Amino acid sequence: MTEPGYTGSVLERSVLVKHSNTLRAILVAILPAMGVLWLLDVPRKLGWVIITEQYLAVICGVACLVGLITAPLRGRLAVLDWIFGLATLASWGWLAWNYEAWLLDPINRGPGKWVPAAIAILGVLEATRRQCGTVLAALAAAFLAYGFIGWMAPGIFEAAYLAPARYILYIYNDTNGIPGLVMNVGATQILGFIVFGATLNAVGGSRAMTDLALSTMGHRRGGPAKVAILASSLFGTLSGSTVANVMSTGVVTIPMMKKSGFPARYAAAIEAVASNGGQIAPPVMGATAFVIAEFLQVPYTDVVAAALLPAVFYYFLLYRMVDRYAAANGIEGEARETLPRFRDALINSWPLLAPLAVLIWFLFYLGYSPGKAALYSSGAAFLLFAVTNPREALRKIPVILRESGSTLIPILLVCAIAGIIIGTINVTGLGFALTLALGKVAALGGVGALLLATAGIAIVLGVGMPTTGVYVIVSVLLAPALVRQGIGEMSAHLFILYFGLLSMLTPPVAVASYSAASIAGSDMWQTGVTGVRLAIVAYLLPFIFALNPALLMDGTWLQIAVSCVTVAMAGTLLAEVLANRRAYGGGGMRLAAAIVSVIVGASTAIFEPASLPAIAIAAISVPVVWAFTRLGASPTPVKEPAA
């Protein structure tokens, strides 16, 4: 049988489809392969002189082509994807070919430059729309429109007039545009860690991670939930995507939690919150740590140190809430005989622990760049696997490249979109206008109002984007206003990162919670609300460290210690209140406990951490919180519906 208008046989069509799919798979694998060769300095060793921007232009073009053909139009219209994708690749290749000559001829802005520039940028927008959603593509289109007609905007948002050719070429070939800092970080450092994560997954690192978590946490009260917290935090810091983390570990942990007695909505919410936390957990932070270091021009170790305590409190208090919920609802752990033995799990965890040790050695001891350190760690993981599984090793290479390429496509496209936004802000002066507007918010309502406004905007702008994209776009727009009002640079950038990521958990567009709900079979809205409750510390903690940088290791040891005590005590009490709805009889005492937790937690943001009032509150909070938690302990299980 044949379709109307088609002259070939079914067999011929199937062969064409097979070849087309093979070609797509090859192009997907080319993306990480190009990055690996660049990180290992292969072009230089071969005697080729290639400027960084030329490499960035080519890899951006390949990402656009692959982004279009892997999310094709329906039916015969798919041929248009190839035509448009190849035209986009050729346009970016034209920039790479002529880049050196154009550096010496910046005045000429004829059609030979701006026509391929227009095609290249349109290709970025369409590929982003298909891979990352309409919202992000529309945001970039809005910034482009502002670049063209911003000179007609009213008031403080009026931009200087730019000739269209000048503006479009600025976005196309300037180092403040698409082939700039963000694309460079994405195509080097982030790429290295994506390959690292894919290699770990291919050689059994994720399975080893789950077994290790089961052997240490599975037998404890509410054990499967604690396994989810540990496994998701470890995998999440490497994955660079909350949703990918949920779908990787959640298929194992969510059914385990439901089987042990957790309601479906609660199991899904725990996995979503734990997976999201991996993006703010050192040392990798979903590869965002390296972008923050580049933006702030500080050592990578400074970012790790600053992010450490907030991440510890995030997971400590999530663990505490899960434990109190399990205690209140009589949820026990798994029988030890059904779990992996810790000794065996530790011995079999070499696919995870050995590469991580290599990574730490290259990063912190030898001082290698993050991307190159990640590649060497990937090589170590693969060589160890090849020694123990020589027949399987070669088969894993295409798998690693395809998985890395699939993950890399949306990230590179987000980096390109970030280049459009950054370039527009720089050339139009929009950044100053936004800073001025938010400064007026601060003048009317104080720094607290500014922080609230910034948090709300960050949640809205962060919807559905990869971790790095969330940080880059939101920080470029909002961080300058916070810094201008006296918030420290590191505090401002981490504040924005936290709230950008909370878009993954905040209804109505809680992508991580809804992904977990699809696995658990739970109501999406209930799962989203439960996730907000479990992640409450992530909503409150940024306000504290924005006003008290001691929580980011920026202060004396006394300031840090007082801050840690107050946050730990406040979080412990808040976890008790939120996890156990029968705590303190469910009445006025429960409200009193919540008020006490807020007062204690906010004390170091109100008072200087080493001041007498802050020290006194920290000292008094320990026995007070102990008394409250003893009083709130529920002696009888309180079963909730499984919805």
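Keep in mind the model is a prediction, meaning the values are calculated, not measured.
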Distance in Å, Ile420 CD1 paired with Ile417 CD1, rounded so as to fall on 0.5 Å steps: 4.0 Å
Closest contact, heavy atoms only, Ile69 versus Trp82: CD1-CH2, 3.7 Å
N/O donor-acceptor pair under 3.5 Å between Asn276 side chain and Ala272 backbone: no
Donor + acceptor pair across side chains of Arg265, Thr527 (<3.5 Å): no
Heavy-atom donor-acceptor pair, Ser232 side chain to Ile229 backbone, under 3.5 Å: no
Separation of Thr530 OG1 from Ile270 CD1 (nearest 0.5 Å): 9.5 Å
Donor on one side chain, acceptor on other, Tyr172 and Ser91, under 3.5 Å: no
Working for side chain to side chain contact (heavy atoms under 4.5 Å, CB included), residues Leu39 and Val195: CA-CA 12 Å; Leu39 283 170; Val195 173; over 6 Å; no
Minimum heavy-atom distance between Pro542 and Val537, given as atom pair plus value: CD-O, 4.1 Å
Check: Phe157 ring centre within less than 6.0 Å of Tyr146 ring centre: no
For Val273 against Ala535, the heavy-atom pair lying closest together: CG1-CB, 3.9 Å
SG on Cys64 to CG on Leu86, rounded to 0.5 Å: 12.0 Å
Tyr498 and Phe545 aromatic ring geometry - parallel, tilted or perpendicular at 30°/60° bounds: perpendicular
4.5 Å side-chain heavy-atom contact, Arg130 and Leu73: yes
Closest contact, heavy atoms only, Ser475 versus Ile496: N-CG2, 3.7 Å
Among Trp38, Tyr99, Trp92, the one residue meeting ring-ring contact (aromatic ring centres under 6.0 Å, His included) with Tyr55: Trp38
Side-chain touch Val36/Leu401, heavy atoms, less than 4.5 angstrom: no
Tyr539 side chain reached by Leu505 side chain, heavy atoms, under 4.5 Å: yes
Arg109 atom CZ, over 12 foreign heavy atoms within 6.0 Å: yes
Shortest non-hydrogen contact from Ala268 toward Ala520: CB-CB, 3.8 Å
Ser275 side chain to Glu271 side chain, donor-acceptor N/O pair below 3.5 angstrom: yes
Which residues share a ring-ring contact (aromatic ring centres under 6.0 Å, His included) with Phe499, sequence neighbours left out: Phe495, Phe543
Worked check of side chain to side chain contact (heavy atoms under 4.5 Å, CB included) between Phe295 and Glu489: CA-CA 10 Å; Phe295 268 33; Glu489 283 193 330; over 6 Å; no
Atom pair CD1/CG of Ile178 and Leu56 - distance to nearest 0.5 Å: 11.0 Å
Side chain to side chain contact (heavy atoms under 4.5 Å, CB included) between Met524 and Ser513, intermediate numbers included: CA-CA 7 Å; Met524 290 188 175; Ser513 294; over 6 Å; no
Derivation and outcome, side chain to side chain contact (heavy atoms under 4.5 Å, CB included), residues Val28 and Ser406: CA-CA 6 Å; Val28 169; Ser406 298; 3.9 Å; yes
Atom CH2 of Trp114 with >12 non-hydrogen neighbours under 6.0 angstrom: no
Thr188 OG1 to Ile59 CD1 distance, which is reported to the nearest 0.5 Å: 9.0 Å
Qualifying residue, where the test is side chain to side chain contact (heavy atoms under 4.5 Å, CB included) with Leu31 and the options are Ile409, Leu191, Leu65: Ile409
Aromatic plane relationship, Tyr167 with Phe148 - under 30° parallel, 30 to 60° tilted, over 60° perpendicular: perpendicular
Distance in Å, Leu169 CG paired with Trp102 CH2, rounded so as to fall on 0.5 Å steps: 7.0 Å
Any side-chain heavy-atom pair of Met257 and Tyr266 under 4.5 Å: no
Between Thr70 and Gln131, a side-chain donor and acceptor under 3.5 Å: yes
Thr52 side chain near Thr175 side chain, heavy-atom distance below 4.5 Å: no
Min side-chain heavy-atom separation Glu403-Ile400 under 4.5 Å: no
Contact summary for Ala306 and Met490, nearest pair of heavy atoms: CB-CG, 3.6 Å
Gln189 side chain to Gly186 backbone, donor-acceptor under 3.5 Å: no
Side chain proximity check, Ile292 to Leu494, heavy atoms < 4.5 angstrom: yes
NZ/NE/NH1/NH2 to OD/OE distance under 4.0 Å, Asp81 and Arg24: no
Close side-chain approach of Thr428 to Phe143, heavy-atom, < 4.5 Å: no
